[in-house]
Amino acid sequence: MSLVRTLLIIDKSGTPKVLSVKDYKEDELYKKCGFKKPDGLEKRHTWSIRLDKVNYRITLFAKDDGKSNMENKYEFPPPVDTVLYFGSCAVIVDQRNVAGAYVPTNLTLGLWDKMYEKMFGG
């Protein structure tokens, strides 16, 4: 049985898009971001937030090195709001279950909007 996971790909213009991934593998995220090689695409930050009585862990994967004119235009929440990333970035979310373990959660644009607002202090 293959597991499908939805995550966000934020293209360099700053547009977030939901992507469904069968058999999610962290080491293959670079392909989902449109890169030919995994070089430089790394876990850059993890936020922990509580939203609607649920604890979430949000992880950003991005490249912090790239060519001029390939800068990602998205405004990420603090503390990475002043960091420059290049090309597409990926955002995944895990949710804490009753046993206290974090399990993969499907990320929708609606859920991301709520999380984004919360991370900015809204």
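Just the heavy atoms: all of them, side chains too, but no hydrogens, waters or symmetry mates, feed the values below. The model shown is predicted, which means the values in this text are computed figures rather than measured ones. FYI, the numbering just counts along the sequence from 1.
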**Message:** Among L8, T108, L107, which residue satisfies the side-chain contact (heavy atoms from CB on, under 4.5 Å) criterion with V93?
**Reply:** L107
Is there a path of hydrophobic side-chain contacts, each under 4.5 Å between heavy atoms of I/L/V/M/F/W/Y residues, joining [Y] to [X]?
X: Y102; Y: I58; result: no
X: L29; Y: V4; result: no
X: M115; Y: V80; result: yes
X: Y56; Y: M119; result: yes
X: V91; Y: I49; result: yes

**Prompt:** Does Y30 reach the side chain of D39, with side-chain heavy atoms less than 4.5 Å apart?
**Reply:** no
**Sub-4.5 Å side-chain heavy-atom contact between L109 and P16** = yes
How long is the span from the [atom1] atom in [X] to the [atom2] atom in [Y], to the nearest 0.5 Å?
X: N55; Y: N97; atom1: CG; atom2: CG; result: 11.0 Å
X: K25; Y: K32; atom1: NZ; atom2: NZ; result: 9.0 Å
X: N106; Y: I92; atom1: CG; atom2: CD1; result: 11.5 Å
X: K118; Y: K114; atom1: NZ; atom2: NZ; result: 12.0 Å
X: W47; Y: L60; atom1: CH2; atom2: CG; result: 4.5 Å
X: K63; Y: E42; atom1: NZ; atom2: CD; result: 10.0 Å

**Item:** Residue pair H45, V83: steps toward the side-chain contact (heavy atoms from CB on, under 4.5 Å) verdict
**Value:** CA-CA 11 Å; H45 190 72; V83 180; over 6 Å; no
**Request:** Under the side-chain contact (heavy atoms from CB on, under 4.5 Å) rule, what do M70 and K12 come out as? Steps first, then yes or no, please.
**Result:** CA-CA 7 Å; M70 290 298 291; K12 74 173 190 146; 3.8 Å; yes
**Item:** Nearest heavy-atom neighbours spanning G87 and F35
**Value:** CA-CZ, 4.0 Å
**Asked** Counting heavy atoms not belonging to E117, are there more than 12 under 6.0 Å from its CD?
**Response** no
**Message:** Between D52 and V54 (side chain of the first, backbone of the second, donor and acceptor by atom type, cut-off under 3.5 Å), is there such a pair?
**Reply:** no
**Message:** Closer than 3.5 angstrom, by distance alone: can the side chain of R44 be matched with the main-chain N or O of A62 as a donor-acceptor pair?
**Reply:** yes
**Message:** Using the rule given for side-chain contact (heavy atoms from CB on, under 4.5 Å), can you reason through F76 versus C89, listing the C-alpha separation, both sets of side-chain angles and the distance that settles it, and then say yes or no?
**Reply:** CA-CA 10 Å; F76 289 100; C89 302; 3.9 Å; yes
**Request:** Determine which pairs satisfy side chain to side chain donor-acceptor pair (under 3.5 Å) with at least one residue from residues 66-90, sequence neighbours left out, and list them in order.
**Result:** Y74-W112
